[in-house]
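All values reported here derive from a predicted model rather than from experimental measurement. By convention here, the first residue in the shown sequence is residue 1. Note: hydrogens, waters and symmetry copies are ignored here, and every other heavy atom, side chains too, is used.
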Amino acid sequence: MNGVIAGISYRALLGRRRIWLLIMLPVVLIGLAVLLRVIGSGGENATITLMRTFAIGTMLPLLGLIAGTGVIAPEIDDGTIIHLLAKPISRPVIAQTKFLVAASILALFAAVPTFAAAYLLIGLESGVASGFAVGALVGGIAYAAVFMLLGVLTRHAVTIGIVYALVWEGVVGNFVPGARRFSIQQWAQSIADQLSSSPFFSTEITLGFAVPALLIVTVGAVVWAGQRLRSFSLTGDE
């Protein structure tokens, strides 16, 4: 990890309009949890529904898109990436640093609010809060890698990412049984399920499939991004 690159990346993510998007989604999640608590509908079943449909199903992929593409796509679009590429820094190290920055943002803005919202509703009951927090963490790490790679591969990363997050992850991955094995969202839910003892929560994807899949996708995306950066010339063209 390169400290200079990390600092630049954090300032780019947290100093632009993206910070409001990063904050808005967790605030909505916490607000929904407060609302359920106030109206007396915050039982275990309702909490799991909120975690599955909003925390993991909506908030996590969108935050992954914002953070993953935000650490590198804008620099490629405006050409400032050439300043990094001109430095005597390994391009895989650039990719790895960008990934770690995006992953840490996901841990802060996705995993922590997920735990807080579930804890607000049912405390530590049945391990739901901790299970979904860990699921959001590992899922967020995978999303950070995938969307960072997308930002390196194409200038239309945000558009493609939105389609992927809403159509594949949100619709196909939830309603087409065979496609669930190829959904980061479903892998994250599998992790949450294994750490929870709630009778209201079960997933089809086994831990033996979800964990290797998350590792392969995450490592593969970061390595590919690093190799892809090697094909960039100092003019910003391939």
Side-chain angles (χ1 to χ4, degrees), residues 1-19 21-22 60-112 134-162 164-165 169 182 184 187-188 191 210-238:
M1 180 171 178
N2 185 283
V4 175
I5 296 175
I8 293 172
S9 301
Y10 278 120
R11 285 194 296 271
L13 269 179
L14 302 178
R16 299 179 181 179
R17 288 177 297 178
R18 288 183 185 84
I19 183 63
L21 294 174
L22 290 170
L60 185 62
L62 291 178
L63 288 177
L65 176 63
I66 295 166
T69 60
V71 291
I72 197 165
E75 295 176 358
I76 294 176
D77 289 340
D78 61 23
T80 56
I81 189 71
I82 63 174
H83 299 297
L84 280 181
L85 301 181
K87 304 293 183 182
I89 304 172
S90 166
R91 296 187 183 186
V93 169
I94 294 175
Q96 292 160 18
T97 302
K98 296 285 190 181
F99 159 70
L100 289 174
V101 169
S104 66
I105 292 294
L106 266 294
L108 178 61
F109 288 95
V112 173
V134 174
L137 176 63
V138 296
I141 290 172
Y143 277 128
V146 169
F147 287 126
M148 182 197 67
L149 171 63
L150 194 60
V152 174
L153 293 178
T154 175
R155 293 180 181 273
H156 305 289
V158 174
T159 301
I160 296 173
I162 290 174
Y164 169 80
E169 292 280 350
F182 305 99
I184 294 175
W187 302 339
I191 300 293
V211 172
L214 285 163
L215 287 172
I216 291 171
V217 167
T218 302
V219 175
V222 175
V223 171
W224 189 359
Q227 295 302 313
R228 183 70 171 181
L229 283 178
R230 285 179 170 174
S231 70
F232 279 64
S233 72
L234 294 184
T235 61
D237 299 323
E238 294 180 48

**Message:** Would you compute the distance between atom CD1 of Ile66 and atom CG of Leu21 and round it to the nearest 0.5 angstrom?
**Reply:** 4.5 Å
**Prompt:** What pairs meet the salt bridge (charged side-chain N to carboxylate O under 4.0 Å, His left out) rule with one or both residues in residues 92-103, with sequence neighbours excluded?
**Reply:** Glu75-Lys98
**Request:** Kindly indicate whether the side chain of Leu22, heavy atoms from C-beta on, has any atom under 4.5 Å from the side chain of Leu14.
**Result:** yes
**Message:** On a heavy-atom basis, which atom in Ile76 and which in Gly151 lie closest, and how many Å separate them?
**Reply:** CD1-O, 3.5 Å
**Listed once per pair and sorted, the side chain to side chain donor-acceptor pair (under 3.5 Å) pairs that draw on residues 213-224, sequence neighbours left out** = none
**Message:** Test: side chain to side chain donor-acceptor pair (under 3.5 Å). Region: residues 63-74. Which pairs qualify, not counting sequence neighbours?
**Reply:** none
**Request:** Name all residues meeting the side chain to side chain contact (heavy atoms under 4.5 Å, CB included) criterion together with Thr154; count only those two or more places apart in sequence or in a different chain, and write none if there are none.
**Result:** Leu150, His156, Ala157, Ile160
**Prompt:** Can you tell if the side chain of Trp187 reaches within under 4.5 Å of the side chain of Val217, non-hydrogen atoms only?
**Reply:** yes
**Item:** Flag side-chain contact, heavy atom, 4.5 Å: Ile105 against Val71
**Value:** no
**Complete:** In terms of heavy-atom contacts, Leu65 and Val158 come closest through CD2-O, 4.0 Å
**Prompt:** Which heavy atom of Ala188 sits nearest a heavy atom of Gly135, and at what distance?
**Reply:** CB-O, 3.3 Å
**Request:** Of all the heavy-atom pairs spanning Ala111 and Ala136, show the shortest one and how long it is.
**Result:** CA-CB, 3.9 Å
**Prompt:** Can you name the side-chain hydrogen bond (donor to acceptor under 3.5 Å, both in side chains) partners of Ser104, sequence neighbours left out?
**Reply:** Tyr10
**Message:** Go through it in stages, so that I can follow the logic: the residues are Phe109 and Ile19, the test is side-chain contact (heavy atoms from CB on, under 4.5 Å), and I'd like the CA-CA distance, side-chain angles, deciding distance and then a yes or no.
**Reply:** CA-CA 10 Å; Phe109 288 95; Ile19 183 63; 4.0 Å; yes
**Asked** Is any side-chain heavy atom of Ile89 closer than 4.5 Å to a side-chain heavy atom of Val4?
**Response** no
What pairs of donor and acceptor atoms, side-chain ones from residues 140-148 against any protein atom, are under 3.5 angstrom apart with sequence neighbours left out?
from, atom 1, to, atom 2, distance (Å)
Tyr143, OH, Glu169, OE1, 3.1
Tyr143, OH, Gln185, N, 3.4

**Request:** Test side-chain contact (heavy atoms from CB on, under 4.5 Å) on Leu137 and Leu106 and set out the steps.
**Result:** CA-CA 7 Å; Leu137 176 63; Leu106 266 294; over 6 Å; no
**Prompt:** So do Ile184 and Tyr164 actually touch side chain to side chain, heavy atoms under 4.5 Å?
**Reply:** yes
**Inter-residue atom distance Leu149.CG - Leu229.CG, 0.5 Å rounding** = 9.5 Å
**Asked** Which value, rounded to the nearest 0.5 Å, describes the distance between Leu153 atom CG and Arg228 atom CZ?
**Response** 5.5 Å
